[in-house]
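Written out below as C-alpha cells is the structure these notes cover.
Given the structure is predicted, the values throughout are model-derived calculations rather than measurements.
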Amino acid sequence: TTPFLTAPLPLPAETWRTVSLRRLVQFWQHPCRFLLEHILGMRLFDEDQGIEESEPFTLDALQAYHLRRETVADLLTGTMPDQIGHNFATGGRLPQGSFGFVHFQRIAQQSLPFAADVQPLLTEPLPAMEIDHLIGPFRLTGWLDDCFAAGRVTWRTGSLKGRDLIGLWLPHLALNLLSPEEVPHCSVHLARDTADANNPVHRTTLGPVTDPQTHLRWLLDHYWLGLSQPLRFFPETSLAWAKAVRDGKDPLEAARRKWDDGFQFDGEGSDPAHRLCIPQPTFVPTQEFVALTGLFTTILDHLEADDAAA
C-alpha cells in the first residue's frame with residue numbers, strides 16, 4: 001500500500017515555533033495523527049461503533065473505563081459510593097436492573113483502593129505555574145498544573161500506556177525547567193494494575209532531571225520535523241522496543257506484538273492515522289524508528305522504580 005504522503009510537506013509558518021506544553025504533549029502522543037489533523041486539516045474518526053437498538057446488559061471496556069474514572073473523581077471529592085451508583089443509574093449510564101447493580105459493585109471495588117492511594121498525594125494543591133521559555137529557535141508556553149506538596153501528581157484508571165509516559169515526561173521536564181522551590185522536582189502517575197490483584201494501583205515516579213532544557217530542545221526539534229512529514233514514533237510500539245532492549249529481549253518481536261493485529265486485537269498499526277501515513281500490516285523498523293525509541297530509553301532511565309514501567 002502506498003503511503004498517503006510520498007514526500008515531505010513544505011515547512012509550516014514560523015509561528016508554529018511557539019508551542020504550548022499541552023500541544024507538544026499532544027504531538028508526541030500521536031505524531032501521525034497530529035500531522036494529518038493540525039497541518040492538513042483532516043478529521044480522523046475511529047470505526048463506527050453503531051447505535052444500541054436494545055437495552056444493554058453489559059458494559060464494554062471503554063464504558064467501564066469512563067465509569068471508573070468518574071467514580072474515582074467523585075470519591076476524591078467525598079461523594080459516597082451509593083450516591084455515585086445512584087447517579088449513574090438515574091442517568092442511564094448502567095445496564096438495567098440487577099445487571100447495573102452488579103456492574104457498579106465491581107467498579108466501586110476497583111475504584112475505592114485507587115482513590116485511597118491517590119488522595120494522600122493531593123494535599124496542598126498549588127496554583128498553576130506559567131511557562132514562557134525560549135529554547136533555541138522555539139518558545140515553549142502554557143501552564144503547569146497538577147502540582148502538590150508531593151510533586152506533580154496525575155492519575156488514570158486504565159493500565160499504564162506509552163502515551164501516559166509521554167504525558168508524564170514532558171510536563172516533568174517543564175517542572176524541572178521552572179524549578180520551583182515549593183514543589184519537589186518529581187512527578188508521580190498512578191494507573192490501574194490489572195495484573196496484580198493484591199496491589200491494583202500501579203505507581204510510576206520520575207526523579208529530578210539535571211538538564212531539562214536539553215531534553216526539551218530534542219523534543220522541539222523533532223516536533224518541527226514532524227510538522228512536515230510523518231514521524232516514525234508510535235507510543236506503544238516504540239515503548240515495547242525500548243523496554244525489550246533494556247531487558248535484553250528481542251525488540252522486533254516485542255514491537256510486532258504491539259503493532260501487528262492479533263486475535264480479537266487491533267494493533268497500533270491499525271490506527272487510522274498510521275494506516276494512512278505508514279501502512280504496513282507487519283512492523284518493519286527503520287533507523288529513524290530505532291533512533292526515536294531513544295525518547296523512551298531516556299524516560300525509563302529516569303524512573304525511580306524500574307518496575308513502574310514493566
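Hydrophobic clustering places Leu216 together with Leu165 (ILVMFWY residues linked when any side-chain heavy atoms are closer than 4.5 Å, directly or through intermediates). At a threshold of 4.5 Å between side-chain heavy atoms, the hydrophobic network of Ile, Leu, Val, Met, Phe, Trp and Tyr places Leu252 and Val290 in one connected group. No chain of hydrophobic side-chain contacts below 4.5 Å, direct or via other Ile, Leu, Val, Met, Phe, Trp or Tyr residues, connects Leu300 to Phe289. Using a 4.5 Å cut-off between side-chain heavy atoms of Ile, Leu, Val, Met, Phe, Trp and Tyr, with links allowed through other members, Trp169 and Leu178 fall into the same hydrophobic cluster. Cluster annotation: Leu36 and Ile39 are assigned to the same hydrophobic cluster (Ile/Leu/Val/Met/Phe/Trp/Tyr, side-chain heavy-atom contacts under 4.5 Å, transitive).
Counting all heavy atoms, side chain and backbone alike, Gly85 lies closest to Leu94 at O-CD1, 3.9 Å. Residues Asp261 and Ser270 come closest through the heavy atom pair OD1-OG, 2.6 Å. The minimum heavy-atom distance linking Pro208 with Glu304 is given by the pair CD-OE2, 4.2 Å. Nearest approach of Val19 to Leu24, heavy atoms of both residues: CG2-N, 3.9 Å. Counting all heavy atoms, side chain and backbone alike, Val25 lies closest to Gly167 at CG1-CA, 4.0 Å. Contact record, Pro235 with Trp28: CG-O, 4.0 Å, taken as the closest heavy-atom pair.
The structure places NZ of Lys258 at 6.5 Å from CD of Glu236, a figure rounded to the nearest 0.5 Å. With rounding to the nearest 0.5 Å, the separation of CG in Asp260 from OG1 in Thr282 is 4.5 Å. With rounding to the nearest 0.5 angstrom, the OG atom of Ser159 is 10.0 Å from the OH atom of Tyr65. In this structure, Thr297 OG1 and Leu292 CG are separated by 11.0 Å, a value rounded to the nearest 0.5 Å. Note: Leu144 CG to Cys147 SG = 4.0 Å, rounded to the nearest 0.5 Å. For the atom pair CG (Leu227) and NE2 (His222), the distance works out to 12.5 Å, reported to the nearest 0.5 Å.
Test Phe234, Phe283, Phe4 against His274 for ring-ring contact (aromatic ring centres under 6.0 Å, His included) and you get one pass: Phe234.
In this structure, Val118 and Leu122 have side chains that are in contact, with non-hydrogen atoms separated by less than 4.5 Å. Residues Leu9 and Leu40 meet the side-chain proximity criterion, which asks for heavy atoms closer than 4.5 Å. Under the 4.5 Å side-chain criterion, counting only non-hydrogen atoms from C-beta, Leu35 is not in contact with Leu231. Contact annotation: the side chain of Leu112 approaches that of Leu75 to within less than 4.5 Å [non-hydrogen atoms, C-beta and beyond]. By the 4.5 Å heavy-atom criterion applied to side chains, His38 and Gln26 are counted as neighbours. In this structure the side chain of Val183 never reaches within 4.5 angstrom of the side chain of Phe148, judged on heavy atoms. Considering only heavy atoms from C-beta on, Phe88 comes within 4.5 Å of Thr71 through its side chain. No side-chain heavy atom of Ser238 sits under 4.5 Å from any side-chain heavy atom of Leu295.
Between Tyr223 and Phe34, the ring planes are perpendicular. Angles over 60° get that label, and only those under 30° would be called parallel.
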Working for side chain to side chain contact (heavy atoms under 4.5 Å, CB included), residues Leu121 and Trp155: CA-CA 10 Å; Leu121 298 174; Trp155 58 270; over 6 Å; no
Just do the side chain to side chain contact (heavy atoms under 4.5 Å, CB included) check on Asp146 and Val153 with the steps written out, would you? CA-CA 6 Å; Asp146 297 320; Val153 180; 5.8 Å; no
The test is side chain to side chain contact (heavy atoms under 4.5 Å, CB included); show your working for Ile166 and Ile299 and say whether it passes. CA-CA 9 Å; Ile166 296 296; Ile299 296 174; 4.3 Å; yes
Stepwise ring-ring contact (aromatic ring centres under 6.0 Å, His included) check, Phe296 with Phe233: CA-CA 10 Å; Phe296 276 125; Phe233 180 83; 5.4 Å; yes
Evaluate the side chain to side chain contact (heavy atoms under 4.5 Å, CB included) criterion for residues Ser187 and Leu175: first the C-alpha distance (whole Å), next the side-chain angles of each, then the deciding distance (0.1 Å), finally the verdict. CA-CA 9 Å; Ser187 297; Leu175 172 64; 4.0 Å; yes
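In this structure, His302 has its ring center closer than 6.0 angstrom to the ring center of His215.
Annotation: side-chain contact (heavy atoms from CB on, under 4.5 Å) contacts of Thr214 (sequence neighbours excluded): Asp211. Evaluation of the side-chain contact (heavy atoms from CB on, under 4.5 Å) rule for Pro251 yields Trp241, Ala244, Val245 as partners, not counting sequence neighbours. Partners of His185 by ring-ring contact (aromatic ring centres under 6.0 Å, His included), not counting sequence neighbours: none found. Applying the salt bridge (Lys or Arg N to Asp or Glu O under 4.0 Å) rule to Arg192 yields no partners; only residues at least two apart in sequence or on another chain are considered. Legend: residues meeting side-chain contact (heavy atoms from CB on, under 4.5 Å) with Gln83, ordered by chain and number and at least two apart, are Thr79, His86, Asn87. Every residue meeting the side-chain contact (heavy atoms from CB on, under 4.5 Å) condition with Arg217, not counting sequence neighbours, appears here in chain and number order: Ile135, Pro137, Phe138, Asp221. Residues satisfying the salt bridge (Lys or Arg N to Asp or Glu O under 4.0 Å) criterion with Glu268, sequence neighbours excluded, are absent altogether. Every residue two or more places apart in sequence or in another chain that forms a salt bridge (Lys or Arg N to Asp or Glu O under 4.0 Å) with Asp145 is listed here: Arg152.
Under the salt bridge (Lys or Arg N to Asp or Glu O under 4.0 Å) criterion, the residue pairs touching residues 163-181 are Arg156-Asp164, with sequence neighbours excluded. Pairs passing the salt bridge (Lys or Arg N to Asp or Glu O under 4.0 Å) check and including a residue from residues 7-31, sequence neighbours excluded, read Glu14-Arg17. Counting only residues at least two apart or in different chains, salt bridge (Lys or Arg N to Asp or Glu O under 4.0 Å) contacts with residues 76-86 are absent.
Within the 3.5 Å criterion, the main-chain N or O of Leu225 finds a donor-acceptor partner in the side chain of Ser228.
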N/O donor to acceptor pairs below 3.5 angstrom from side-chain atoms of residues 123-134, sequence neighbours left out:
unit_1: Asp132; atom_1: OD1; unit_2: Arg139; atom_2: NE; d: 2.7
unit_1: Asp132; atom_1: OD1; unit_2: Arg139; atom_2: NH2; d: 3.2
unit_1: Asp132; atom_1: OD2; unit_2: Arg139; atom_2: NH2; d: 2.6

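Here Glu253 does not pair with Lys249 in a salt bridge; the nearest charged N to carboxylate O distance is not below 4.0 Å.
With hydrogens and angles left out, the side-chain atoms of Asp271 and His30 include a donor and acceptor closer than 3.5 Å. Side chains of Thr154 and His189: a donor on one and an acceptor on the other come within 3.5 Å.
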